[in-house]
Amino acid sequence: MRRTAKFSTFQLINNIIMVMLAVICILPFLHVLSVSLSSSAAVSANKVTFWPIGLNLNSYSRALEDTQLLRSLWISVERTLLSVTLGLTVTSMAAYVLSKGGGQKGIAGYKWFVGFFIVAMLFNGGMIPTYLVVTKMGLYNTIWALILPTMINVFNIILIMNFFKALPQELEEAAFIDGAGHWKVYLRVMLPLSLPVMATVGLFTVVGEWNEWLAGQIYMKPENAPLSTFLKAAISMPNIDIKNAEAAAKFNALSLNSAQIFIGALPILLIYPFLQKFFAKGIVIGAVKE
Amino acid sequence: MGMNTAVPAVPAKKKKFTRQKGSWGLYLMLLPAVVLTAIFVYVPMSGLLMAFQDYKPSLGISKSPWVGLDQFKFLFEYPDSMQVIWNTLEISFLKLAIGMFSTLAFALLINEVKHKFLRTSVQTFVFLPHFISWVVLGGIFIQLLNPEYGLVNQLLKALGHEPVFFLGSNHWFVPIVLFTDAWKEFGYGSIIYLAALVGINPALYEAAQLDGANKLKQMLNITLPSLIPTICVMLTISLGGVLNAGFDQIFNLYNPLVYESGDIIDTFVFRIGLIGGNFSFGTAIGLFKSVVGLILILGGYRLAYKVAGYKIF
C-alpha cells in the first residue's frame, strides 16, 4: 500500500503523538533506573527525574550483597528453566497427538480427550482447593509446587497443535513409509520444523514464570521464594515503614528499592529483543485459523 | 470413521501392525499432560465440595459438617461481599471500555505512520510494559505516586497543587488502576487489530482518495468498519473475563486504606479465604465466580460464533 509521500499535517501530528506515547511508556522505567543509579544525596533532595545524578552503582552492590536476593534469583532461574523445558516437552507431545485428530490416524477416544482439556481450560477449582491439593501432595516448599501446577496450559497446546496441523503432511507420511514410528516423527520431523511456535510458547513461558509471584508466596517459605516474590515483599515493606524512618535512611531505602526493582525487570529486558521477534508471529498463529 | 477410502498399496497385515505400535506411542505421549491436568485441575474441582461445608482442616472434606447453601447465603448477606462484587464489575467494565478505546485508537493511528523505522521503534517501546510484571510495575507506580517524594506529586507541587496520596485514596484508586492498566496494555492489545488491518483491500482507499475523502473520512468509513468483526470477537470473548478485574495488578497496588474501592473477588478470596483461613467461604465465592464466569465465556463464544463465525477449536 504505497501512497504519495507528500507532506501532510495529519502525518506530522500523528508522528508526534506516537513518539509521545512511546516516551510515556518508558519514562516510568527510566525514572526508577535513574533513582537506582543516583547518589543518595541527589535522591533525598528529590532532584532525580529521568537522568541519574551523581552516577554510582552503590545501591546495586548493596542489593546484591543480600544473600536472600541471590538465592531468590537462583530459584527463579531454576524454576524458569525447568518450567520451559518440561512444559514445552509435555505440551508439544500432547499437541502432536491431538493434531492427528481422531479416526485412523489418531487415537481412539480423541473427542473425549479434547473435551477433557477444554473443560480444564474453562473451569477450575479456584485458588483454595488448588492450594489444598498442592500442599496435600507434599509439594509445599519444593520447587515443584511452582512448576507442576502450571505446566499444562491448554491454550499453548492448541497453539502448537494448530502449527503441527499446518505443516505439510507429506513430510510425515514419507517418514512413516521409511519405517519411523510416532516418536521418531515427533522428534525428528515435527519438532525441528516447529521452531517458531516453540520459541513463541517458550518465550511466553519464560516471561510468565519469571513474573509470577503468588505461587512463590503461598507455596514457598520466604527463604525459598523466587525473585518476584522476594521483590513483592521488599516493595511493600518500605511502603508502610517509610513514614517513620529517618529521612536519610528512607531515601537510601528508595535507591536500594529501585535497584531491586530494576534487577527484577532486567532478565525480561534482556530477552525482550528475542521476544519482539517472535511474539507478533505467535499472536498471529493463535488468532488466524482456517 | 471410514474416512480413508483409498485402496491401500501395502499389505493390510503390515499396515495394521504399524498402526497398533504407533497408537500405543501416541497414548504414551499424551499421558503426562492428562495426568497433570487430572491432578491439578480435576482433583481441585472435587475440592469445590468445601463450598457446601463448614470445612475444618483437621477433619478434611470427608468428615467436615455439611451446611448446604449457608456459605452462599452468607455471601449475599455479607455487606463486604456485595461491595466486592460491585467493585469487580465496575473495574472490569471500565477497563474493558477504556482498553477497547485505547487499543483501537492506537492501532488506527500507528497504522497511519508511513515511516517504517519510526513505526517499529514506537511499537518496540509501547509493547514493553505488557511483559513487565505487576510486581515490578507496582513498585514503580508506588514510587511515582508517593505523596512525599513521588515524581507525580513533585510535579503537582511545582504547579502549586497540594500533593495527593493517590494509592491511599478511595477516590483515586480506581482511576489509577484503570489508567495504569490502559498504559500497560494499549500497545500490545493493538496487535490483533493491526493484523486485521493488513487484510483490508488497498483498492478501497484508492477509490476513496479519488472521491476526495481525507484521512479522517477514510479512517471512519473504511478502516473502522473493516475492524468491526474483530472488535465484536474481542468484546464477546472478554465478556468471559468480567469477573477477573486483575488480581495481580490490584494486589500489587493496593493497601488496607483502599479495600473499600479496590477489593475485587480474587483479592477478597485471597485475603478472607486463604490468609484468613476461611476456606469454605472463600471456596464458595470462588465457585460463584467460576460458574458465572463459565456461563459468560460460553455465552460469549456462542455470540462470537454467531456474530463473526469465530471458533476456537
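Scope of the values below: all heavy atoms of this structure, side chains included, with no hydrogens, waters or symmetry mates.
- Inspection of the B:Trp134 and A:Asn211 side chains reveals no N or O donor paired with an N or O acceptor under 3.5 Å.
- Ranked by heavy-atom pairs under 4.5 Å with chain B, the list A:Pro273, A:Pro28, A:Gly126, A:Gly264 is led by A:Pro28.
- Within the 4.5 angstrom heavy-atom criterion, only side-chain atoms of B:Ile297, from C-beta onward, approach chain A.
- Both the backbone and the side chain of A:Phe116 come within less than 4.5 Å of a heavy atom of chain B.
- Both the backbone and the side chain of A:Ala108 come within contact range of chain B, with heavy atoms under 4.5 Å apart.
- With a threshold of 4.5 angstrom between heavy atoms, A:Ile271 does not approach chain B through any atom at all.
- The heavy-atom pair separating B:Pro129 from B:Val126 by the smallest distance is CD-O, 3.5 Å.
- Side-chain contact, B:Thr283 with B:Tyr55: no donor N or O sits under 3.5 Å from an acceptor N or O.
- Contacts of A:Ile268 with chain B are made by side-chain atoms alone, with heavy-atom separations under 4.5 Å and no backbone atom involved.
- Between A:Phe50 atom CZ and A:Leu30 atom CG the span is 7.5 Å, to the nearest 0.5 Å.
- Going from atom OG of A:Ser92 over to atom CE of A:Met161 covers 13.5 Å, rounded to the nearest 0.5 Å.
- The NE2 atom of B:His130 sits 5.5 Å away from atom CD of B:Glu185, with the distance rounded to the nearest 0.5 Å.
- Heavy-atom distances place both the backbone and the side chain of A:Leu148 under 4.5 Å from chain B.
- Nearest heavy-atom pair across A:Leu98 and A:Phe113 is CD2-CB, 4.5 Å.
- Interface remark: A:Ser258 contributes backbone and side-chain atoms alike to the contact with chain B (heavy atom separation under 4.5 Å).
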Can B:Thr223 and B:Tyr205 be said to form a side-chain hydrogen bond (donor to acceptor under 3.5 Å, both in side chains), step by step? CA-CA 9 Å; B:Thr223 318; B:Tyr205 291 103; 2.8 Å; yes

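- Within the 4.5 angstrom heavy-atom criterion, no atom of B:Ala51 approaches chain A.
- A salt bridge does not link B:Arg119 to B:Glu112: none of the charged side-chain nitrogens sits closer than 4.0 Å to a carboxylate oxygen.
- At a 4.5 Å heavy-atom cutoff, the contact between A:Phe10 and chain B is made by side-chain atoms alone.
- Across all non-hydrogen atoms, the minimal contact from B:Asn255 to B:Leu167 is ND2-O, 3.0 Å.
- Heavy atoms of A:Ile26 lying under 4.5 Å from chain B belong exclusively to its side chain.
- Contact tally against chain B (heavy-atom pairs below 4.5 Å) for A:Leu214, A:Thr229, A:Thr49: the top residue is A:Leu214.
- Nearest heavy-atom pair across B:Asn146 and B:Asn153 is O-ND2, 3.0 Å.
- Heavy atoms of B:Phe270 lying under 4.5 Å from chain A belong to its backbone as well as its side chain.
- Taking each heavy atom of B:Leu151 and A:Val48 in turn, the nearest pair found is CD1-O, 3.9 Å.
- With chain B as partner, the option from A:Cys25, A:Gly109, A:Gly208 having the largest number of non-hydrogen pairs under 4.5 angstrom is A:Cys25.
- For B:Leu30, the parts lying under 4.5 angstrom from a heavy atom of chain A are both the backbone and the side chain.
- Nearest heavy-atom pair across B:Asp266 and A:Met127 is O-CE, 3.9 Å.
- Put simply, of A:Ile17, A:Val23, A:Ile24, A:Val19, the one with the most heavy-atom pairs under 4.5 Å next to chain B is A:Ile24.
- Heavy-atom distances place no part of B:Leu216 under 4.5 Å from chain A, backbone and side chain included.
- When each of A:Val35, A:Val119, A:Thr89, A:Ile177 is scored by its heavy-atom pairs under 4.5 Å with chain B, the top score falls to A:Val119.
- B:Val233 does not touch chain A: none of its heavy atoms, backbone or side chain, sits under 4.5 Å away.
- When heavy atoms are compared at a cutoff of 4.5 Å, A:Phe230 does not approach chain B at all.
- With a 4.5 angstrom heavy-atom cutoff, A:Val133 touches chain B only via side-chain atoms.
- Per-residue heavy-atom pair counts under 4.5 Å with chain A were compared for B:Ile61, B:Val269, B:Ile275, B:Thr124, and the maximum is reached by B:Thr124.
- At a 4.5 Å heavy-atom cutoff, the contact between B:Phe247 and chain A is made by side-chain atoms alone.
- A donor-acceptor contact under 3.5 angstrom links the side chains of A:Asn257 and A:Gln260, judged on distance only.
- Residues of residues 40-50 of chain B lying within less than 4.5 angstrom of chain A, judged on heavy atoms, are B:Phe40, B:Val41, B:Tyr42, B:Val43, B:Pro44, B:Met45, B:Gly47, B:Leu48, B:Met50 in numerical order.
- At least one donor-acceptor pair closer than 3.5 Å links the side chain of A:Ser76 to the backbone N or O of A:Leu227.
- Atom CZ of B:Phe268 and atom CZ of B:Arg271 lie 6.5 Å apart (nearest 0.5 Å).
- Here CG of A:Leu122 is found 7.0 Å from OH of B:Tyr301. Values are rounded to the nearest 0.5 Å.
- Geometric assessment of A:Lys184 against the ring of A:Tyr186 yields a negative cation-pi assignment under the 6.0 Å and 45° thresholds.
- The part of B:Leu118 that comes within reach of chain A is its side chain, from C-beta onward, which places non-hydrogen atoms under 4.5 angstrom from that chain.
- The greatest number of non-hydrogen atom pairs below 4.5 Å with chain B, out of A:Asn124, A:Thr150, A:Leu21, A:Ile107, is found for A:Ile107.
- A donor-acceptor pair is defined here as one N or O able to donate and one able to accept, closer than 3.5 Å; such a pair exists between the side chain of B:Gln154 and the backbone of B:Glu148.
- Per-residue counts of heavy-atom pairs under 4.5 Å with chain A were compared for B:Asn214, B:Leu128, B:Leu36, B:Ile39; the largest is that of B:Leu128.
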